[in-house]
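What follows is a single structure, written as structure tokens, with notes after it.
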Amino acid sequence: MYKIQTLDRISAIGLDNFPRDNYEIASEIMNPDAILVRSHDMLTMELPATVKAIARAGAGTNNIPVKELAQKGVVVFNTPGANANAVKELVIMSLLLASRPVIAANHWVNTELKGKGAEIAALAEKGKKNYIGHEVKGKTLGVIGLGAIGAMVANTAIELGMNVIGYDPFLSVDAAWSLKSEVKHAETLDTLFTKADYITVHVPETPDTKGLISAATIKNMKDGVKIINIARGGLVNNEDVIAAINSGKISCMVTDFAAEELLNNEKVICMPHLGASTPEAEENCAVMAVKELRDFLETGAIKNSVNYPKCKMDSAIPSGGTRLCISHKNVPNMIAQFTSVIGAAKLNIGGMVDQNRNDIAYCMIDVDGKVEDATIESLSSIEGVINVRPIFN
């Protein structure tokens, strides 16, 4: 029986994918095998030693101590792409709100025309000249980051008749295949900055990307550029953006990350982190997170981890056999030591795979027969081994 702890409200549709005859799920549970989380702050949380994996029902993992958990053998998953459509739709809405002053116009109608009765229609016609916008068709959108969300935004913008320039030095093959052929590739950020009428960012917040939109980069942008940030608050230096708005360099910013310095500015539209706040996105994320945990707990497979390498066996665990899942340091001679211990136990190896990610590696070894505790202890005692988890069939 696997025990799963939920730290936030997780979609019931997702949780229903745990078979109840083999899984126990609760918000408070002793010695959980894995944790499902959304936004709960885990940075200072003391985890039980039984925790083998954490799945974040969403893309960002800033609320999880990813690196520290890797050193403890705890695999952290996220759900890239599961909420992509919800975020894409919010970005497209932001693109349009940055072009047409709908919010200001609505506020004017609700405040200035209230109580005017029969005069409202005439006053509205007269006042609409103060809320003229422009169309996005024919304008140039710069998309920084062409992952699941960025690619969807770029493709939708093409369908709206926009010119699209994308920048992503780490563009994956799958992402490249998903992009419409009309999306142009920028060799450098400066190329994108100098050509874009709108700029939207879709990259994680890291030491390298923090303050990506700042005075240093804003100076290279077109006058009157519009900024859209539905990704991470730290990607934009708010003070620099406000200064650029005051100078006229930036004509509007739409952000999903409210901050004191951004409030009550007619050229800034702030939202309260609505990115994936749809029931459809929550369901998709929960379903993917549950699948990731089940695959890992039941077969040892790793997919969409942010701190461990992608790894899976092509075959099932042999009947009556054991799959050894070994987290270890990415140093020489580890595999030879594993096979030596298994050979000394007179066990036959039926299959093996070992993958690494920076200084962490993960090995799966299928053996015929049940591996005894003494053999597991011998493997665990090898210098550089983080933990050993047997899966019996």
Side-chain angles (χ1 to χ4, degrees), residues 2 4-19 23 25 27 32-43 45 47 51-67 69-70 74-91 145-153 168 170 172 174-175 178 201-206 230-233 235 256 273-312 357 362:
Y2 294 111
I4 309 297
Q5 182 179 16
T6 58
L7 296 183
D8 298 283
R9 184 183 62 80
I10 305 296
S11 167
I13 291 177
L15 296 179
D16 285 345
N17 285 271
F18 282 124
Y23 284 85
I25 303 104
S27 58
D33 294 288
I35 292 174
L36 267 170
V37 64
R38 289 178 61 209
S39 57
H40 187 91
D41 187 354
M42 300 185 67
L43 296 177
M45 181 177 171
L47 292 183
V51 174
K52 305 166 184 65
I54 296 169
R56 159 78 163 95
T61 55
N62 292 352
N63 58 319
I64 304 170
V66 171
K67 291 184 179 179
L69 291 175
V74 179
V75 181
V76 179
F77 298 93
N78 69 345
T79 56
N83 60 9
N85 188 70
V87 178
K88 177 211 70 174
E89 290 185 1
L90 192 68
V91 173
L146 294 167
I149 297 170
M152 291 178 73
V153 168
D168 192 333
F170 307 107
S172 70
D174 287 344
S178 72
V201 289
H202 300 286
V203 295
E205 183 181 336
T206 68
I230 312 295
R232 286 289 177 267
L235 298 174
D256 209 14
H273 202 187
L274 298 177
S277 295
T278 68
E280 296 90 345
E282 291 181 11
E283 290 168 8
N284 291 340
C285 288
V287 169
M288 183 183 288
V290 168
K291 185 180 188 313
E292 291 165 350
L293 286 183
R294 285 195 61 188
D295 286 347
F296 177 71
L297 293 173
E298 297 171 23
T299 74
I302 296 177
K303 183 180 180 181
N304 296 327
S305 172
V306 296
N307 63 350
Y308 268 76
K310 181 179 180 180
C311 192
K312 69 172 291 185
R357 179 174 183 165
Y362 182 73

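Nothing fancy with the numbering, it's 1 onward along the sequence.
Side-chain contact between V51 and D33 is absent, with no heavy-atom pair separated by less than 4.5 Å. Looking only at side-chain heavy atoms (C-beta outward), L7 and S27 stay at 4.5 Å or farther from each other. You'll find the side chain of I302 reaches within 4.5 Å of the side chain of F77, heavy atoms only. Under the 4.5 Å side-chain criterion, counting only non-hydrogen atoms from C-beta, K291 is in contact with D295.
M152 approaches A84 most closely through the heavy-atom pair SD-CB, 3.5 Å. V75 and S305 make their closest contact through CG1-OG, 3.5 Å (heavy atoms, listed as atom of the first residue, atom of the second, distance). When all heavy atoms of L274 and D256 are compared, the pair lying nearest together is N-OD1, 2.7 Å. When all heavy atoms of L293 and A55 are compared, the pair lying nearest together is CG-CB, 3.6 Å. For the residue pair A231 and H202, the shortest heavy atom distance occurs at CB-CA, 4.1 Å. Here the closest heavy-atom approach between residue A59 and residue N83 is recorded as N-ND2, 4.3 Å.
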With side-chain contact (heavy atoms from CB on, under 4.5 Å) as the criterion, how do M42 and L47 come out once you've worked through the C-alpha distance, each side chain's angles and the decisive distance to 0.1 Å? CA-CA 9 Å; M42 300 185 67; L47 292 183; 3.7 Å; yes

- Query: Checking side-chain contact (heavy atoms from CB on, under 4.5 Å) for the pair R232/N62: CA distance, chi angles, key distance, verdict?
  - Reply: CA-CA 10 Å; R232 286 289 177 267; N62 292 352; 3.7 Å; yes

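R38 contributes no side-chain N or O that, together with a main-chain N or O of A286, makes up a donor-acceptor pair within less than 3.5 Å. Between the N307 side chain and the V76 main chain, a donor and an acceptor come within less than 3.5 Å of each other. In this structure, S172 contributes its side chain and A175 its backbone to a donor-acceptor pair below 3.5 Å. At least one donor-acceptor pair closer than 3.5 Å links the side chain of Y2 to the backbone N or O of L297. Remark: the backbone N or O of G60 is paired with a side-chain donor or acceptor of R56 at under 3.5 angstrom. Put simply, the side chain of R357 gets close to the backbone of Y308: a donor and an acceptor are under 3.5 Å apart. When atom types are taken as modelled, the side chain of T79 and the backbone of G58 share a donor-acceptor pair closer than 3.5 angstrom. Between the side chain of N63 and the backbone N or O of D41 there is no donor-acceptor pair closer than 3.5 Å. Remark: the backbone N or O of H40 is paired with a side-chain donor or acceptor of D8 at under 3.5 angstrom. Judged purely by atom type and a 3.5 angstrom limit, T278 uses its side chain to pair as donor or acceptor with the backbone of A281.
Taking CD1 of I64 as the reference point, atom OG of S39 lies at 10.5 Å (rounded to 0.5 Å). Rounded to the nearest 0.5 Å, atoms CE (M288) and CG (N17) are 12.0 Å apart. In this structure, I35 CD1 and K52 NZ are separated by 11.0 Å, a value rounded to the nearest 0.5 Å. The line from OG of S11 to CD of E283 is 4.5 Å long, rounded to the nearest 0.5 Å.
Between L15 and the choices L36, V287, I4, the side-chain contact (heavy atoms from CB on, under 4.5 Å) rule is met once, by L36.
Using modelled atom types and a 3.5 Å distance limit, the side chains of N85 and E89 yield a donor-acceptor pair.
By the 30° and 60° cut-offs, the orientation of the rings of F296 relative to Y362 is tilted.
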